[in-house]
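As the structure is a computational prediction, the values presented were derived from the model and not from experiment. Letters A, B, ... mirror the listed sequences (proteins, then strands); counts begin at 1.
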Protein chains: 2
Amino acid sequence: MTDKQVPDVVVGRLPLYLRTLKQLQTEGRRVISSAQLAKLLHLNPAQIRKDLSMFGEFGRQGVGYTIPDLIAQLERILHVDRTWEMIVVGAGALGQALVNYPGFEINGFRIAAIYDNDPAKIGKPIGRFIVRDVQYMPEDVRSHGWRIGILAVPEAAAQAVAEQMVSAGIRAILCYAPTVLTLPGNVQVQYIDPIVHLQHMAFYLEETD
Amino acid sequence: MTDKQVPDVVVGRLPLYLRTLKQLQTEGRRVISSAQLAKLLHLNPAQIRKDLSMFGEFGRQGVGYTIPDLIAQLERILHVDRTWEMIVVGAGALGQALVNYPGFEINGFRIAAIYDNDPAKIGKPIGRFIVRDVQYMPEDVRSHGWRIGILAVPEAAAQAVAEQMVSAGIRAILCYAPTVLTLPGNVQVQYIDPIVHLQHMAFYLEETD
DNA sequence: AGGATGTTGTGCTTATTTTCCCAATATGAC
DNA sequence: GTCATATTGGGAAAATAAGCACAACATCCT
Ligand SMILES: NC(=O)c1ccc[n+]([C@@H]2O[C@H](COP(=O)([O-])OP(=O)(O)OC[C@H]3O[C@@H](n4cnc5c(N)ncnc54)[C@H](O)[C@@H]3O)[C@@H](O)[C@H]2O)c1
Ligand SMILES: NC(=O)c1ccc[n+]([C@@H]2O[C@H](COP(=O)([O-])OP(=O)(O)OC[C@H]3O[C@@H](n4cnc5c(N)ncnc54)[C@H](O)[C@@H]3O)[C@@H](O)[C@H]2O)c1
């Protein structure tokens, strides 16, 4: 099932290419070379060409890549030439920021519902939603066939909630809780933890105050 | 200065080890083997041992690692055996969530100020702060010697604001704006963009609705 | 005391990823 | 048409990262 032909590191760079190409498109650019794109992304041009060449021949020798075409190809490859509906579980500070973020809709994703287990939050409006009781989440996920979930609950609840999401049919989880989830191998998981990034950078900072 | 001995991928895993060890410590565990830690992190035990061995010999053969000791070592290595003060620029939805996040303080970081350029936000309270006019940011950064900044402004403003931060003395930026910053090589930058992760996962999802 | 079991640190091997390089092709100037 | 310049795609080499396997040591049980 998983295209083991294509290394995961390569897949991980495609969204960065796509993001930059969309940005260039809004600036009115029509064509770009791997060298120019590489400069914007601080990458090696050969790496970009090789990454793209795993999926086809999208460029023109001597010319470069036509931006709208390459955007369309990348959207197809990444399966974002459609809109995926997503759920958010956890209507705290982060869940609220996510629900109001317009970036999802213009990049292939759309929040369809938000859940919490706090009676004080259930039924309250957040953005264009009413927070739903998380006990209805599995049923909603099943009936709508939703496949993607954003997990924004406290760490202590993350594993249990993730398991409920998966057993309801969720197959991709973006986890904001600072923990590693243990889930079946056919479930995609990605993590966002600012502490990890800050500590990574702190390593390179000099100790002096 | 930068331990070019130590690959950046290794540095990137240390915060994950530290996070898990702290979690284990709260559960009362005192000792852990590389095999057990690897299982929790879904990594190879040899990789963990090799990563740690780049910085010293922290384990005991036949026994494993003493959790409090290893935590102390990792905190020292990552330079989080202290508290770094940080600024947040951008008091929008995300900036507000960040300011109220308690995770920073227990992991070596502390938000010291938050800035915006919107007159409607400047002067308003957010969490324990009053939003300050971003025009005072450079002066504040210089006078306090702050080195770390979180960038939570719209993409269109990110590069310019980042340059102001750097020229004021900021040396590490956690960027939430969906763009690649171009900054001097002595400035650390890390990015958080949920769209990138979602598109990465979407690649592996079957196209079927 | 000795054997069974468990664990580290690391030399070496294997796997993966990145980069180099160049034939092939495109465009524009004259 | 020819030449100068720009650029891709991909084979091959180089660089980097991951994993195996084992000597050395620790603990526990009898
Ligand atoms: N706020 C931030 O800036 C930030 C930054 C980094 C990471 N995080 C992480 O993101 C997660 C959410 O952060 P937050 O600041 O929004 O926290 P929060 O405490 O504001 O919100 C968490 C929400 O999850 C709900 N919840 C708890 N258990 C639940 C369950 N079993 N089912 C459904 N809902 C449940 C709570 O009622 C609450 O509304 C946490 O894991 C946090 O560590 C937050
Ligand atoms: N909200 C989310 O969940 C989310 C998710 C992913 C990424 N992001 C990204 O994070 C960034 C912030 O997101 P947000 O939702 O908080 O946006 P937001 O629009 O709510 O807030 C942005 C804030 O930045 C301020 N700002 C604009 N220009 C500024 C400048 N030059 N100096 C100082 N402040 C300035 C604005 O006044 C505003 O208060 C954006 O780049 C966004 O794309 C947000």
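- Remark: Glu155(B) does not engage Lys22(A) in a salt bridge, criterion side-chain N to carboxylate O under 4.0 Å.
- Between Phe203(A) and Phe55(B), the ring-plane angle classifies as perpendicular under the 30° and 60° cut-offs.
- Between the side chains of Arg49(A) and Ser34(A), at least one donor N or O lies within less than 3.5 Å of an accepting N or O.
- Between Tyr101(B) and Phe104(B), the two ring planes are perpendicular [angle over 60°; tilted spans 30° to 60°].
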Q | Pair Arg76(A)-Asp81(A), salt bridge (Lys or Arg N to Asp or Glu O under 4.0 Å): steps then yes or no | A | CA-CA 5 Å; Arg76(A) 179 183 57 76; Asp81(A) 53 349; over 6 Å; no
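- Remark: C1' of dT8(C) and CG of Leu70(B) are 13 Å apart, rounded to the nearest angstrom.
- If one axis is set at each end of the helix from dA1(C)-dT30(D) to dC30(C)-dG1(D) from five pairs, those axes are 20° apart, to 10°.
- Remark: P of dT10(C) and CZ of Phe58(B) are 11 Å apart, rounded to the nearest angstrom.
- Counting to the nearest Å, the P atom of dT17(C) and the CG atom of Asp8(B) are 16 Å from each other.
- Rounding to whole angstrom units, CG of residue Leu14(B) and P of dA17(D) are separated by 13 Å.
- Per the geometry, CD belonging to Gln5(A) stands 16 Å off P belonging to dA15(C), to the nearest Å.
- Rounded to whole Å, atom C1' of dA18(D) lies 13 Å from atom CE of Met54(B).
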Q. Which parts of nucleotides 23-30 of chain D does protein reach within less than 4.0 Å, heavy atoms only, written one letter per nucleotide 5' to 3' as B for base, S for sugar-phosphate only and - for none?
A. -BBSS---
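- When each of Leu74(A), Asn107(A), Leu18(A), Leu14(A) is checked for a side-chain contact (heavy atoms from CB on, under 4.5 Å) with Val80(A), only Leu18(A) meets the rule.
- One interatomic measurement links the two molecules: CG of Leu52(A) to C1' of dT19(C), which rounds to 16 Å at whole-angstrom precision.
- Annotation: proximity of residues 31-50 of chain B to DNA chain C (heavy atom, distance under 4.0 Å) is found for Ser33(B), Ser34(B), Arg49(B), Lys50(B), numbered in ascending order.
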